[in-house]
Novice: 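The structure that follows is given in the form of structure tokens.
For the numbers below, each heavy atom of this structure counts, side chains included, while hydrogens, waters and symmetry mates do not. Because the structure is a prediction, the values reported are computed rather than measured.
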Amino acid sequence: MKRFDSHSFLVLWTLFTIIPLFTLVVCSLTGSFNISNIGGLKASFDRFVVVIQESGYSYVNSLIAAITAIAINLVVCPLAGYAFSRYNFRGKLWFSYLIWITYALPLISGFIGIFIMFKTLDMLNNLFSLALEYAATCIAVNTWLAIGYFDSIPRALEEAAFLDGCSRLRVLFSIMIPLSTPVLVSMATYTFFMSWNEFILASILISSKSSFTFPVALMYTSTAGISYGGGVVYGIVAAGSVIGILPIVIMSLFFRKYLVVGLTRGAVKA
Amino acid sequence: MRIAKFLPFFFLIPALFVIFFAMIYPMALVFLSSFFNVSIDLKYQFVGLANFINMFSDSQFLQSLTNSIVFVGGSVVCHCGFGLLLAILLTGNIKFREFYRTVALIPWFLSDVIIGTCFIILFTQYGTVNDLLFGLFKIRISWLQSTELTIYIVTLANVWKATSLYMNVDSSGIASISSEVLESAELDGTNSIQKFRYITAPLIKPFILLTLIISAVGTFNYYGLIYIMTYGGPIGSTTVPSFYMFREALEYRMIGYASAIGVFIFATNMTVLTVLRKFGATLA
């Protein structure tokens with residue numbers, strides 16, 4: 001009896017999770033909002049074609065922003081992580097606070113400042129400025145991941161290299177970095193998820209069509225409207241959403257074990 | 001040798017530079033701008049505390065605060081409640097455990113735009129939900145055009161989006177309890193409710209408090225779904241402070257005033273964090 005109860009709630013929750021997604025896929029294929037008469041609907045890929053023609057570039061933009069953010073993080077965070085893991089230096093605690101505070105800092109209250117700053121620098125509508133912000137939101141978690149991993153690599157390895165006459169930098173780049181590939185993949189995956197899906201910052205910093213990322217482009221489609229087949233805009237937005245889910249599915253299939261580490265940590269961010 | 005002494009600082013410089021440039025400086029800019037009247041071409045005119053005083057006589061802003069109570073309150077209760085329930089149900093050797101967990105995690109990986117689209121399609125006038133209601137009771141409800149109902153739909157979408165995150169936090173809490181404690185309790189003949197009340201709950205209290213913090217602060221700051229599903233409407237009934245700030249700044253170009261709201265949001269965050277800290281919560 002008890003077993004049955006817990007299963008019934010879990011099954012309900014699973015249905016609650018799946019039904020909206022199922023509706024989305026049905027809508028993207030048929031243009032219908034309604035899944036109750038699913039048998040009578042005709043499926044076609046027309047909407048996907050429309051989306052790719054109209055806003056295919058926005059997925060490329062999203063990818064560019066995400067990859068730039070990943071690149072920044074993969075340079076910046078292992079360096080910082082190495083400093084925290086291997087050195088004792090003056091003010092170490094305060095520097096670590098400074099990095100940690102960005103994790104708890106409500107970035108949303110700084111959005112206006114970000115807007116003003118990039119406006120003065122004339123860097124609005126620029127994918128690089130977007131990527132810089134994405135990179136910054138991931139630094140705390142990624143540095144923490146790097147510190148944790150470096151701490152687990154025995155110092156004896158480095159000391160052996162020092163005895164052979166390697167410099168600190170040489171040790172970092174030819175011993176530590178190659179050894180920490182798993183954590184680098186974790187960091188990249190985490191950063192990818194944080195930036196690929198991001199919508200609010202993108203909607204603030206980007207207003208010209210050519211540099212839309214895909215969430216902004218979808219939003220633009222649903223409000224300004226590219227109509228198809230008598231103004232059924234949501235069918236198109238749904239098709240665009242399904243395309244936007246695909247990279248996530250691919251990433252989570254390939255990098256499943258690297259994924260969960262970071263995501264539960266990056267939650268406070270709005 | 002002298003260089004070696006400064007090497008850690010060189011390693012830190014890039015990270016600190018990005019953090020300063022992308023987060024600290026904009027934040028400082030917001031604090032500064034909140035005391036000014038800022039024109040569209042960014043001319044600053046000092047107005048003292050006027051922005052803050054205006055804020056509390058602005059009926060739209062006050063309405064956004066009351067809306068926020070429903071949005072944040074509803075989300076926190078469901079996030080933490082269902083999250084904990086799912087975490088408890090998914091401990092032990094239950095069948096299909098991995099399947100349930102994986103499915104529950106899906107929404108957390110999706111973009112706000114995708115989630116918003118899902119729920120618009122579900123709750124639109126001729127959508128699935130209304131069709132079901134029409135079949136059963138011959139009624140259609142304007143879920144997304146009603147000043148009373150819409151905020152609950154947005155809250156529902158937010159619950160759909162993030163509950164699995166809180167499930168994950170609670171799960172890691174439950175996993176940290178040693179199985180010996182639970183086994184010895186079983187030997188003493190506790191039932192599952194007693195076991196939760198006297199063993200699991202006290203031991204995972206820090207994790208529950210953590211979910212409360214993340215959910216309260218995170219939802220208060222968050223307006224992605226509101227932007228997408230309702231754009232704060234109908235008649236401002238789903239506008240929350242962060243969204244109001246966004247509109248004031250980018251639509252009406254009241255940058256100084258919006259900055260003051262930003263400062264208010266910042267202060268609220270810090271207050272919630274400090275208060276919940278008093279109860280023993282820590283940011284993991």
Novice: Rounded to the nearest 0.5 Å, how far apart are CD1 of A:I112 and OH of B:Y257?
Specialist: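 Result: 12.5 Å between the selected atoms.
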
Novice: List the steps, then state whether side chain to side chain contact (heavy atoms under 4.5 Å, CB included) holds for A:E198 with B:D112.
Specialist: CA-CA 8 Å; A:E198 209 283 336; B:D112 293 340; over 6 Å; no

Novice: Tell me, for B:S34 versus chain A, whether the close heavy atoms (under 4.5 Å) come from the side chain, the backbone, both or neither.
Specialist: neither

Novice: Given that the side chain runs from C-beta out, which part of B:Y25 has a heavy atom under 4.5 Å from chain A: side chain, backbone, both or neither?
Specialist: side chain

Novice: Say you draw a straight line from CZ of A:F9 to CD1 of B:I88; how long is it, rounded to the nearest 0.5 Å?
Specialist: 10.5 Å

Novice: Determine, step by step, whether A:T17 and B:L105 satisfy the side chain to side chain contact (heavy atoms under 4.5 Å, CB included) criterion, reporting the C-alpha distance in whole Å, the side-chain angles of both residues, the deciding distance to 0.1 Å, and the verdict.
Specialist: CA-CA 9 Å; A:T17 310; B:L105 276 171; over 6 Å; no

Novice: What part of A:L201 gets within 4.5 angstrom of chain B, counting heavy atoms only: side chain, backbone, both, or neither?
Specialist: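 A:L201 has no heavy atom closer than 4.5 Å to chain B.
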
Novice: Considering only heavy atoms, which portion of A:V11 lies under 4.5 Å from any heavy atom of chain B: side chain, backbone, both, or neither?
Specialist: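 When you check distances to chain B, atoms from both the backbone and side chain of A:V11 fall under 4.5 Å.
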
Novice: Are A:L79 and B:P14 packed together at the side-chain level, in the sense that at least one heavy-atom pair is separated by less than 4.5 angstrom?
Specialist: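 When only atoms from C-beta onward are counted, B:P14 and A:L79 do touch, with a gap below 4.5 Å.
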
Novice: Among the options B:V263, B:I228, B:T163, B:L32, pick out the one with the most heavy-atom pairs lying under 4.5 Å from chain A.
Specialist: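 When all of B:V263, B:I228, B:T163, B:L32 are compared, B:I228 has the most.
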
Novice: Is B:L250 close to chain A through its backbone or its side chain, or both, or neither, when contacts mean heavy atoms under 4.5 Å?
Specialist: side chain

Novice: At a heavy-atom separation under 4.5 Å, does B:L90 approach chain A through its side chain, its backbone, both, or neither?
Specialist: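 Side chain of B:L90 only, per the 4.5 Å heavy-atom cut-off to chain A.
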
Novice: Please classify the contact of A:I139 with chain B as side chain, backbone, both or neither, using a heavy-atom distance under 4.5 Å.
Specialist: side chain

Novice: Report which part of A:I248 has an atom under 4.5 Å of a heavy atom belonging to chain B: side chain, backbone, both, or neither.
Specialist: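 Looking at A:I248, just its side chain touches chain B.
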
Novice: Please lay out, stage by stage, how B:F246 and A:I108 fare under the test side chain to side chain contact (heavy atoms under 4.5 Å, CB included).
Specialist: CA-CA 9 Å; B:F246 159 80; A:I108 184 118; over 6 Å; no

Novice: Between B:Y227 and A:F199 (judged by ring centroids, cut-off 6.0 Å), do the two rings come close enough to count as a pair?
Specialist: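 Ring-ring flag for B:Y227/A:F199: true, centres closer than 6.0 Å.
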
Novice: To the nearest 0.5 Å, how far apart are CG in A:L172 and CZ in B:F11?
Specialist: 5.5 Å

Novice: Distance check, rounded to the nearest 0.5 Å: A:F115 atom CZ versus B:S259 atom OG?
Specialist: 11.0 Å

Novice: Check each atom of B:F96 against the heavy atoms of chain A and say whether the ones under 4.5 Å are side chain, backbone, both or neither.
Specialist: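 Just the side chain, heavy atoms under 4.5 Å.
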
Novice: Which atoms of B:I115 come close to chain A, meaning under 4.5 Å heavy atom to heavy atom: side chain ones, backbone ones, both, or neither?
Specialist: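 Contact with chain A is absent: no heavy atom of B:I115 under 4.5 Å.
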
Novice: Contact part of B:F82 toward chain A, heavy-atom cut-off under 4.5 Å: side chain, backbone, both or neither?
Specialist: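 The answer is the side chain of B:F82.
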
Novice: Contact part of B:L16 toward chain A, heavy-atom cut-off under 4.5 Å: side chain, backbone, both or neither?
Specialist: side chain

Novice: Do B:Y100 and A:W13 have ring centres separated by under 6.0 Å?
Specialist: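 Aromatic pair excluded; centres sit 6.0 Å or further apart.
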
Novice: Are A:I116 and B:V30 side-chain neighbours, meaning at least one heavy-atom pair lies under 4.5 Å?
Specialist: no

Novice: Go through the atoms of A:I204 and report whether side chain, backbone, both or neither lie under 4.5 Å from a heavy atom of chain B.
Specialist: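 Contact with chain B is through both the backbone and side chain of A:I204.
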
Novice: Run the numbers on A:L21 and B:L110 for side chain to side chain contact (heavy atoms under 4.5 Å, CB included), then give the verdict.
Specialist: CA-CA 10 Å; A:L21 290 170; B:L110 303 181; 3.6 Å; yes

Novice: Tell me, for B:I255 versus chain A, whether the close heavy atoms (under 4.5 Å) come from the side chain, the backbone, both or neither.
Specialist: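 For B:I255, backbone and side chain are both near chain A.
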
Novice: Under the 3.5 angstrom rule, does the side chain of A:S241 hit a backbone N or O of B:I114 as a donor-acceptor pair?
Specialist: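 Checked: no pair found.
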
Novice: Of the backbone (N, CA, C, O) and the side chain (C-beta and beyond), which part of A:F16 lies under 4.5 Å from a heavy atom of chain B, both, or neither?
Specialist: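 Both backbone and side chain of A:F16 come within 4.5 Å of chain B.
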
Novice: What part of B:F99 is in contact with chain A, defined as an atom under 4.5 angstrom from a non-hydrogen atom: side chain, backbone, both or neither?
Specialist: side chain

Novice: Would you please indicate if the ring centroids of A:F193 and B:F109 are separated by under 6.0 Å?
Specialist: yes

Novice: Side chain, backbone, both or neither: which part of A:C27 has an atom under 4.5 Å from a heavy atom of chain B?
Specialist: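 Interface part for A:C27: side chain.
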
Novice: Tell me which of these, B:I261, B:L132, B:T124, has more heavy-atom pairs under 4.5 Å with chain A than the rest.
Specialist: B:T124

Novice: Would you give the length of the straight line joining atom CE of B:M23 to atom CG of A:L98, rounded to the nearest 0.5 angstrom?
Specialist: 11.0 Å

Novice: Sort B:F9 into side chain, backbone, both or neither according to what part of it lies under 4.5 angstrom from a heavy atom of chain A.
Specialist: side chain

Novice: Would you name the heavy atoms of A:A83 and B:L12 that are closest together and state the gap between them?
Specialist: CB-CG, 4.1 Å

Novice: Is it the side chain or the backbone of A:F214 that comes within 4.5 Å of chain B heavy atoms, both, or neither?
Specialist: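 The answer is the side chain of A:F214.
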
